[in-house]
K.L.:
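After the structure tokens below, expect a handful of questions from me.
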Amino acid sequence: MSVLIATTSSLEGKRITKYLGIVTGEASAEVALMATASPDKPAPGFADAYHKAIPSVRDNALRGAMQGAEHVGANAIIGTTVNYVIHGSGKGMVMVSVTGTAVVYEDA
């Protein structure tokens, strides 16, 4: 089953027939940063390390939300938000959470 994900509260050309509740997906990854970083001076490549890690972490969180939607019998998630938390120096963490409302829709 394919799950449609939308940030909006409605789906153009579709009729929502059931609201099945909130679904979430979370994912995180450790990001190796250069040891020369300090709180007031990021290491060279600091932003690059996070930029390289974020897409796969985000994709994993989206997959988790989609699996949650499929588990409750939904074919879409509406009102979806994607939140990022980045922290640490030396070794950092990037965490992504995806939250939305699982729904069943049909063509209008």
K.L.:
Keeping to residues at least two apart or across chains, list the salt bridge (charged side-chain N to carboxylate O under 4.0 Å, His left out) pairs with something in residues 95-104.
P.N.:
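Those involving residues 95-104 do not exist here.
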
K.L.:
Please answer: with hydrophobic residues joined when any side-chain heavy atoms are less than 4.5 Å apart, are Tyr84 and Val31 in the same cluster?
P.N.:
yes

K.L.:
Restricting to side-chain hydrogen bond (donor to acceptor under 3.5 Å, both in side chains), what partner residues turn up for Asn60, sequence neighbours left out?
P.N.:
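Residues passing side-chain hydrogen bond (donor to acceptor under 3.5 Å, both in side chains) with Asn60: Arg63.
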
K.L.:
Hydrophobic clustering (ILVMFWY, side-chain heavy atoms < 4.5 Å, transitive) - are Leu62 and Ile86 grouped together?
P.N.:
yes

K.L.:
Count I, L, V, M, F, W, Y as connected when their side-chain heavy atoms are under 4.5 Å apart, and connections chain through other members. Are Val82 and Met66 then in the same cluster?
P.N.:
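In one cluster: yes.
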
K.L.:
Under a 4.5 Å side-chain heavy-atom rule over Ile, Leu, Val, Met, Phe, Trp and Tyr, are Ile54 and Ile5 clustered together?
P.N.:
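Same cluster: Ile54 reaches Ile5 through Ile, Leu, Val, Met, Phe, Trp or Tyr contacts under 4.5 Å.
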
K.L.:
Between the side chain of Ser9 and the main-chain N/O of Gly79, is any donor-acceptor distance below 3.5 Å?
P.N.:
no

K.L.:
Residues two or more places apart in sequence or in another chain: which of them pass side-chain hydrogen bond (donor to acceptor under 3.5 Å, both in side chains) with Thr24?
P.N.:
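side-chain hydrogen bond (donor to acceptor under 3.5 Å, both in side chains) list for Thr24, sorted by chain: Glu26.
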
K.L.:
Is there a side-chain contact between Thr7 and Thr81 in this structure, where contact means two heavy atoms from C-beta onward sitting under 4.5 Å apart?
P.N.:
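Side-chain contact under 4.5 Å: no.
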
K.L.:
Sort and list the pairs that fulfil salt bridge (charged side-chain N to carboxylate O under 4.0 Å, His left out) and have at least one residue in residues 92-101, not counting sequence neighbours.
P.N.:
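For residues 92-101, and leaving out neighbouring residues, there are no salt bridge (charged side-chain N to carboxylate O under 4.0 Å, His left out) pairs at all.
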
K.L.:
Could you go through residues 92-108 and list every donor-acceptor pair under 3.5 Å that involves a side-chain atom there, pairing it with any protein atom two or more places apart or in another chain?
P.N.:
from: Glu106; atom 1: OE2; to: Arg15; atom 2: NH2; distance (Å): 2.3
from: Asp107; atom 1: OD1; to: Lys14; atom 2: NZ; distance (Å): 2.6

K.L.:
So if you build clusters from Ile, Leu, Val, Met, Phe, Trp, Tyr with side-chain heavy-atom gaps below 4.5 Å, do Val23 and Leu11 land together?
P.N.:
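Result: no, two separate clusters.
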
